[in-house]
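Worksheet: one structure, shown below.
Only a predicted model underlies this, so the values are computations on that prediction, with no experimental measurement involved.
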Amino acid sequence: SSDLILLQEWWFDDKFTTIFDKATSHLFERIAERRPDGSGGMRDDGMCCLVRKKGALELVKSGRVLTGPQRIAQIVQCRERCTNGSA
């Protein structure tokens, strides 16, 4: 089982997102970033990262970096989850 899953294609459709979250939100935290449309707006697609809620990693933050007029890189920062009193 993976603690981190990266989805290169993600659609920001309310019906899809609702169904997806219903199936996965008990296991994963979802972080998604939209792509720009090249004229100041945002597209309906982008990238998504899933971080297992009880896994070895803990989500710190996510952000996007523009790599072209309609392209992004999603930067996800995680840290090792502390267990058994470790720092």
Judged by atom type as modelled, is there a donor-acceptor pair below 3.5 Å linking the side chain of Gln74 to the main-chain atoms of Gln8? no
Before you tell me yes or no, could you show the steps for Leu50 and Leu4 under side-chain contact (heavy atoms from CB on, under 4.5 Å), namely the whole-Å CA-CA distance, both residues' side-chain angles and the distance that decides it to 0.1 Å? CA-CA 6 Å; Leu50 304 174; Leu4 187 69; over 6 Å; no
Assess whether side-chain contact (heavy atoms from CB on, under 4.5 Å) is satisfied between Phe12 and Asp45, documenting all intermediate values. CA-CA 6 Å; Phe12 288 88; Asp45 68 324; 5.6 Å; no
side-chain contact (heavy atoms from CB on, under 4.5 Å), that's the test. Do Gln70 and Arg43 meet it? Break it down for me. CA-CA 8 Å; Gln70 296 182 19; Arg43 293 175 52 129; 2.8 Å; yes
Is it the case that the side chain of Asp37 and the backbone of Gly41 share a donor-acceptor pair, with hydrogens and angles ignored and the cut-off at 3.5 Å? yes
Side chain of Arg52, backbone of Ser2: donor and acceptor closer than 3.5 Å? yes
Does Ile5 belong to the same Ile/Leu/Val/Met/Phe/Trp/Tyr cluster as Val76, with side-chain heavy atoms less than 4.5 Å apart forming each link? no
Side chains of Gln77 and Ser62: do they bring a donor and an acceptor to under 3.5 Å? no
Any chance you could measure Arg81, atom CZ, to Lys53, atom NZ, to the nearest 0.5 Å? 10.5 Å
Ignoring hydrogens, what is the shortest heavy-atom contact between Pro36 and Pro69? Give both atom names and the distance. CG-O, 3.4 Å
Just by modelled atom types, is the Thr17 backbone N or O under 3.5 Å from a matching donor or acceptor in the Lys22 side chain? no
Euclidean distance, Asp21 CG relative to Phe28 CZ, rounded to 0.5 Å: 12.5 Å
Between the side chain of Arg64 and the main-chain N/O of Ala73, is any donor-acceptor distance below 3.5 Å? no
For residues Met47 and Leu6: do they belong to one hydrophobic cluster (side chain heavy atoms under 4.5 Å, members Ile, Leu, Val, Met, Phe, Trp, Tyr)? no
Given side chains that start at C-beta, do those of Cys49 and Leu7 come closer than 4.5 Å, heavy atoms only? no
Please report the interatomic distance CH2(Trp10) to CZ(Arg35), rounded to the nearest 0.5 Å. 15.0 Å
Do Ile31 and Met42 land in one hydrophobic cluster if side-chain heavy atoms of ILVMFWY residues count as linked below 4.5 Å? no
Tightest non-hydrogen contact, residues Gly55 and Asp3, listed as CA-OD1, 3.4 Å
With side chains defined as the heavy atoms from C-beta onward, is the minimum distance between Asp44 and Asp13 less than 4.5 Å? no
Does the Lys NZ or Arg CZ of Arg30 fall within the cation-pi geometry relative to Phe20 - under 6.0 Å from the ring centre and within 45° of the axis? no
Determine, step by step, whether Cys78 and Val51 satisfy the side-chain contact (heavy atoms from CB on, under 4.5 Å) criterion, reporting the C-alpha distance in whole Å, the side-chain angles of both residues, the deciding distance to 0.1 Å, and the verdict. CA-CA 9 Å; Cys78 295; Val51 180; 4.2 Å; yes
